[in-house]
Amino acid sequence: MLRMSTLFLRTLREDPSDAEVPSHRLLVRGGYIRRAAPGGYTWLPLGWIVYRNVERVVREEMDKAGFQEVHFPALLPREPYEISGRWTDYGDGVFRLKDRKGNDFLLAPTHEEMFTLLVKDLYSSYKDLPLHIYQIQTKYRDEARPRAGLLRTREFVMKDSYSFDIDDAGLEKSYEQHRQAYISTFNRLGLPFVMVSAMSGAMGGSASEEFLAPIDVGEDTFVRCTNCDYAANTEAVQVRAPEAIQLDGLPAARIEDTPDTPTIETLVDVVNARADLRHPDRDWTAADTLKNLVVKLKHPDGTFSALAIGLPGDREVDLKRVEAQVGPAEVVAFEPADFAKNPALVKGYIGPGALGEHNASGIRYLVDPRVVEGTAWITGADQPGRHVINLTMGRDFTPDGVIEAAEIHGGDPCPKCGNALEIAKGIEIGHIFQLGRRYATALGLTVLDQNGKTQVVTMGSYGIGVSRAVAAIAETLLDEKGLCWPREISPADVHIVVTGKPSEPTGPAAEELALALETAGLRVMIDDRIGTSPGIKFNDAELLGVPTIVVVGKGLANGTIEVKDRKTGERTDVPVADAVEHLLQVCRT
RNA sequence: CGGGGUGUAGCGCAGCUUGGUAGCGCGCCACGUUCGGGACGUGGAGGCCCCGGGUUCGAAUCCCGGCACCCCGACCA
């Protein structure tokens, strides 16, 4: 039984000044966590109970799915990460240290290498596969900017699993098993989530999905369809290409002088204002213009290449989307010096005439999927102060390919059903990922198949942010009064508030009830503080967020207690004699 | 890493412009009153004013340099 009179807890009346995000504010105010280090939190008794409840649910669901738990050290030597290339690839993101002999160690940011090596150590036959193993471990990442309390920390707990299969079909099955296990886990945690397609990254076109808790303070932007079940990370959205248009009979392209039109806005104003340039039936808009942007790609080997991107002028380039597609290369700015080296590029008036591997600039030219055959554009004429009108794709220019580079806007059509997409924010609470053979190849994880032939094992990697889930649950369910835990996660089933003078019978009655509830199998927290005013107790109960609040007070004179639902605020007076049965029913349904 | 803000008691803050005994509210301790929505009285305890230099007879306050935290951006298997 949790007794408020002795619990190591101090609730705060006011918001801590360093907490902005609601879950962070309330977890600190409610005495669940305290900041101990930049990006590091201490769990206080109530917080630790909640954390362990989340961990237990995750563990039970993994076990139920047939996955086996192991546990690695967090402190690891450099070598395995050296072999996989991540000792350097991880850059500043990893905490490194040396032992007394000067050998390099790291605090593991993730454990792919170790799992791979462990399986290599023990298994060597296809008969041993498939295998699913997981751990619940503290991870360390040297985040540039920890923020939002538990949502982004430098030390956090993650459940990471790995699947090992002999072939792609096996991997697909393992992936699906994990997918199902994750769905039941998050459902049981009472955590609303959206599954979005994510970029599988540079290591092969395998599937990857993120589980996002849709909360405003989340760091990930995703889209979902207002009509169908489509949802995706903005990086992964595939824009729907319009139908191609017949080229026959389309107006010819013509080059026009358009002085002083350095921006899309000024260009649109000018072509609408001039009688000789007006569209025959309507006003031109920014969407009629083709904006061309040149960037540089920095490749992992340190070399650079130029890339030109063409997209409708009413769209900005979303660098995250570009990087998701050109990865592992990084996108960097095209500088004046680069322009100087390529005289075919006329700054401000770059057009498809100069772009493309076979044109003057020799720069690879990729366009937005909306730029399909037969679409006509107002775009740069590659001469200072001049634009070309009705430059038609497929007739007047042919790009080198397509790229998803444009910003996604709310209201854009869904790639699946065509209805409007909406944009939302979420926090990543899980990620499932068909990893493939990258680590198995790098670390030499092979088994013999039926024919005695060596096969590289294919892997899946699956993560749930356990400590982050605590914050995500808090963030999703809180209200203006405080936290609202789902029952299975809550530090208790019932929070008993005792009011009245110490001389009144409410104290003993509450004690009796608490004992009876505990005997009946419920987890009980009782506010047995003497001399604390009722207002404080009510407010604390609401702040702490136990799903059922029981008040033993005034009603006792009539033989009743009050049962209150934390979330809905609904109150019921219940005869003392029926209290245990009533509460059992409330708590068990 | 860039931009902005803030560091004073456990928490929230004032004091800094114009240098001179470190304050307020909450919380905490003692006694008494109060007891269903953050009660009241009286008396107390609690400080490396972020750190290091400098100016000055004297620095929370002025100057220089760090550090930390928060927000926005960049980054984030």
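As the structure is a computational prediction, the values presented were derived from the model and not from experiment. Residue numbers start from 1 in every chain, and the chains themselves are labelled A, B, ... in the order their sequence lines are given, proteins ahead of strands.
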query = Any ion pair linking A:Lys120 and A:Glu113 (charged N to carboxylate O, less than 4.0 Å)?
reply = no
By the Watson-Crick or G-U definition, both distances under 3.5 Å, B:G27 is matched with none
Of B:G12, B:G38, B:C69, the nucleotide closest to the side chain of A:Pro16 is B:G12
**Prompt:** With rounding to whole Å, what would you report as the distance between B:G46 and B:G53 at their C1' atoms?
**Reply:** 30 Å
In Watson-Crick or G-U wobble terms, with both distances under 3.5 Å, the base opposite B:A60 is none
**Asked** A:Gly555 near the nucleic acid: base, sugar-phosphate alone, or nothing, with a heavy-atom cut-off under 4.0 Å?
**Response** base
- P-based separation of B:A22 from B:C31 [nearest Å]: 32 Å
Base, sugar-phosphate, or nothing for A:Arg25, non-hydrogen atoms under 4.0 angstrom? nothing
Point to revise | B:U61 and B:C1, which share atom name P, separated by this distance in whole Å | key: 27 Å
Among the nucleotides B:G12, B:G36, B:C70, whichever has the atom closest to the side chain of A:Pro534 is B:G36
Whether the side chain of A:Arg29 and the base of B:G27 hold a donor-acceptor pair under 3.5 Å is what I'd like checked. no
Looking only at B:C13, B:G38, B:G27, the nucleotide nearest the A:Ser17 side chain is B:C13
Between A:Asp15 and A:Glu428, the residue closer to the 5' end of RNA chain B by nearest nucleotide is A:Asp15
Determine the interatomic distance between C1' on B:A74 and the same-named atom on B:G4; round to the nearest Å. 15 Å
Would you call A:Lys481-A:Asp479 a salt bridge at under 4.0 Å N-O? no
As its Watson-Crick or G-U partner within any shown strand, both distances under 3.5 Å, B:C40 has B:G32
Discussion item. Is it the case that B:G37 (base atoms only) and A:Lys554 (side chain only) share a donor and an acceptor within less than 3.5 Å, ignoring hydrogens and angles?
Written reply: no
For a quick check, tell me whether the side chain of A:Glu542 and the base of B:G38 share a donor-acceptor pair closer than 3.5 Å.
no
From CZ of A:Arg529 across to P of B:G36 the rounded distance in Å is 15 Å
- Between A:Arg529 and A:Asp540, is there a salt bridge with N-O shorter than 4.0 Å? yes
A:Glu20 has its side chain closest, among B:A39, B:C70, B:G37, to B:C70
For this session: Quick one: label A:Glu504 by what it contacts on the DNA or RNA (base, sugar-phosphate, nothing), any heavy atom closer than 4.0 Å.
Result: nothing
* Touch check for A:Ser533, heavy atoms < 4.0 angstrom, all strands: base, sugar-phosphate only, or nothing? -> sugar-phosphate
Using Watson-Crick geometry (N1-N3 plus N6-O4 or O6-N4) or G-U wobble (N1-O2, O6-N3), each under 3.5 Å, B:U17 is paired with none
- What about A:Arg13: does its side chain form a donor-acceptor pair under 3.5 Å with the base of B:G10? no
Given the C1' atoms of B:G27 and B:C63, what is the spacing between them in whole Å? 38 Å
inquiry  = Classify A:Val551 by what it touches in the nucleic acid, base, sugar-phosphate, or nothing, heavy-atom distance under 4.0 Å.
reply    = base
Atom P, compared across B:G10 and B:C29: separation rounded to whole Å = 15 Å
* Asked: How far, in whole Å, is B:U8 from B:C48 if one measures between their P atoms?
  -> 12 Å
Check your understanding: Can a donor-acceptor pair under 3.5 Å be found between the side-chain atoms of A:Arg147 and the base atoms of B:C70?
Key -> no
Cationic N near anionic O, under 4.0 Å, A:Asp168 to A:Arg437: yes
Of A:Glu61, A:Glu55, A:Met62, the one forming a side-chain contact (heavy atoms from CB on, under 4.5 Å) with A:Arg59 is A:Glu55
Ion pair present between A:Asp104 and A:Arg96, side-chain N to carboxylate O less than 4.0 angstrom? no
Has the side chain of A:Glu14 got a donor or acceptor atom sitting under 3.5 Å from an opposite partner on the base of B:G25? yes
**Asked** Are A:Asp216 and A:Lys425 ion-paired here, with the side-chain N under 4.0 Å from a carboxylate O?
**Response** no
